[in-house]
Amino acid sequence: MLEDDSFQQRVYQIVAAIPYGHVTTYGEIARLAGSPRAARQVGGVLRRLPAGSKLPWHRVINRKGSISLPGDNLKRQRDALAAEGIEVSDEGRVSLSRYRCQW
DNA sequence: TGAATGACAAATT
DNA sequence: TAATTTGCCATTC
């Protein structure tokens, strides 16, 4: 487990590397993880993420720059992004050209 | 072991 | 141009 090079572990590390005040897309994370077509699995990992995780999962959004979370979770992420100085629309949409991390 | 699921993305109509 | 459908790949049941 310590040196687990599974996809889940990689996504975990990549998301943890997202700088404050910046966001990234699932596809980008998937590509950095080594599977450009595994964007869904990135979301799948975050979906299984425990509530007490230190991961800034709220900095991960879809290609359209919107939050894909349903219901209350979406509101939670929107609040978390706003707390980092990121302006989010009522629909949970963010300006990718402005906040997207360029690595 | 096999089939189903899913916090996306790209291609097509 | 916008909306809809299909494909993908790792994890879960």
Side-chain angles (χ1 to χ4, degrees):
Chain A
M1 297 229 211
L2 223 57
E3 297 174 7
D4 185 4
D5 53 347
S6 71
F7 206 82
Q8 180 175 353
Q9 189 65 26
R10 282 204 201 162
V11 172
Y12 200 93
Q13 295 285 350
I14 294 168
V15 174
I18 303 175
Y20 180 92
H22 287 263
V23 297
T24 189
T25 64
Y26 297 97
E28 194 65 39
I29 294 175
R31 171 141 67 143
L32 295 173
S35 296
R37 311 295 148 167
R40 273 183 132 190
Q41 278 49 261
V42 177
V45 172
L46 299 181
R47 183 186 179 277
R48 290 257 172 216
L49 218 56
S53 178
K54 311 294 191 298
L55 262 182
W57 57 271
H58 50 266
R59 293 178 191 159
V60 184
I61 54 185
N62 60 20
R63 230 300 201 150
K64 290 179 288 201
S66 307
I67 301 174
S68 301
L69 269 72
D72 296 338
N73 273 346
L74 185 144
K75 286 167 62 177
R76 195 181 304 169
Q77 179 167 8
R78 185 157 73 100
D79 184 60
L81 290 173
E84 297 194 351
I86 301 177
E87 295 184 45
V88 188
S89 297
D90 295 337
E91 296 177 343
R93 205 182 71 208
V94 190
S95 297
L96 276 176
S97 12
R98 186 184 282 171
Y99 295 110
R100 174 116 129 63
C101 184
Q102 317 253 331
W103 299 102

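Just so we're on the same page: letters track the sequence lines, and every chain starts at 1.
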Visitor: Supply the atom-to-atom distance Ile67(A) CD1 to Asn73(A) CG, rounded to the nearest 0.5 angstrom.
Guide: 10.0 Å

Visitor: Kindly compute the distance separating CG (Leu46(A)) from OG (Ser68(A)), expressed to the nearest 0.5 Å.
Guide: 10.5 Å

Visitor: Between dT5(B) atom P and Gln8(A) atom CD, what is the distance in whole Å?
Guide: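 Those two atoms, CD and P, are 20 Å apart.
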
Visitor: Within this structure, what is the CD1-to-C1' distance between Ile67(A) and dC8(B), rounded to whole angstrom?
Guide: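 Spelled out: CD1 on Ile67(A) to C1' on dC8(B) is 15 Å.
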
Visitor: Whole Å only: how far is the CG atom of Asp5(A) from the P atom of dA10(C)?
Guide: 13 Å

Visitor: Reckon Arg37(A) has a side-chain N or O less than 4.0 Å from the OP1 or OP2 of dA9(B)?
Guide: no

Visitor: Measure from CZ on Arg48(A) to P on dC9(C) and round the result to the nearest Å.
Guide: 21 Å

Visitor: Taking CG from Leu46(A) and P from dA10(C), how many angstroms apart are they, rounded to a whole number?
Guide: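 Leu46(A) atom CG is separated from dA10(C) atom P by 16 Å.
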
Visitor: Determine the contact category for Gln77(A): base if any of its heavy atoms lies under 4.0 Å from a base atom, sugar-phosphate if only primed atoms, P, OP1 or OP2 are that close, otherwise nothing.
Guide: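 The residue Gln77(A) makes base contact.
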
Visitor: Need one value for Gly27(A): base, sugar-phosphate or nothing, where a base atom within 4.0 Å counts as base even if backbone is also close, heavy atoms only.
Guide: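 Counting heavy atoms under 4.0 Å across all strands, the contact made by Gly27(A) is with sugar-phosphate only.
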
Visitor: Hey, are His58(A) and Glu84(A) close enough side-chain-wise for a donor-acceptor pair under 3.5 Å?
Guide: yes

Visitor: Could you work out which one of dC9(C), dA10(B), dT12(C) sits closest to the side chain of Arg63(A)?
Guide: dA10(B)

Visitor: I'd like to know if Arg100(A) pairs up with Glu28(A) as an ion pair, taking the criterion as any Lys NZ or Arg NE/NH1/NH2 lying under 4.0 Å from an Asp or Glu carboxylate oxygen.
Guide: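 Glu28(A) and Arg100(A): salt-bridged.
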
Visitor: Do any side-chain nitrogens or oxygens of Ser35(A) fall under 4.0 Å of OP1 or OP2 in dC9(C)?
Guide: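 No, because none of the side-chain N or O atoms of Ser35(A) sits under 4.0 Å from OP1 or OP2 of dC9(C).
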
Visitor: Kindly point out which of dA9(B), dT11(C), dC8(C) is positioned nearest to the side chain of Asn62(A)?
Guide: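 My answer, after comparing the listed nucleotides, is dA9(B).
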
Visitor: How long is the line joining CZ of Arg47(A) and C1' of dA10(C), in whole Å?
Guide: 14 Å

Visitor: Nearest heavy atom decides the nucleotide; on that basis, is Arg40(A) or Ser6(A) closer to the 5' end of DNA chain C?
Guide: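 Whichever sits nearer the 5' end wins; that is Arg40(A).
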
Visitor: Nearest-Å distance, CD1 (Ile29(A)) to P (dC8(C))?
Guide: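 The answer, rounded to whole Å, is 22 Å.
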
Visitor: Counting only heavy atoms from other residues, nucleotides and ligands, does the tally under 6.0 Å from CZ of Arg93(A) exceed 12?
Guide: no

Visitor: Would you say dC8(B) has OP1 or OP2 under 4.0 Å from some side-chain N or O of Thr25(A)?
Guide: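 For dC8(B), neither OP1 nor OP2 has a side-chain N or O of Thr25(A) closer than 4.0 Å.
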
Visitor: What's the CG-C1' distance between Leu49(A) and dT11(C), to the nearest Å?
Guide: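 About 14 Å, once rounded to whole Å.
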
Visitor: Between dC9(C), dC8(B), dT11(C), which nucleotide has the shortest distance from any of its atoms to the side chain of Tyr26(A)?
Guide: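 Output: dC8(B).
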
Visitor: Go through dT11(C), dG7(C), dA9(B) for me and flag the one nearest to the Phe7(A) side chain.
Guide: dT11(C)

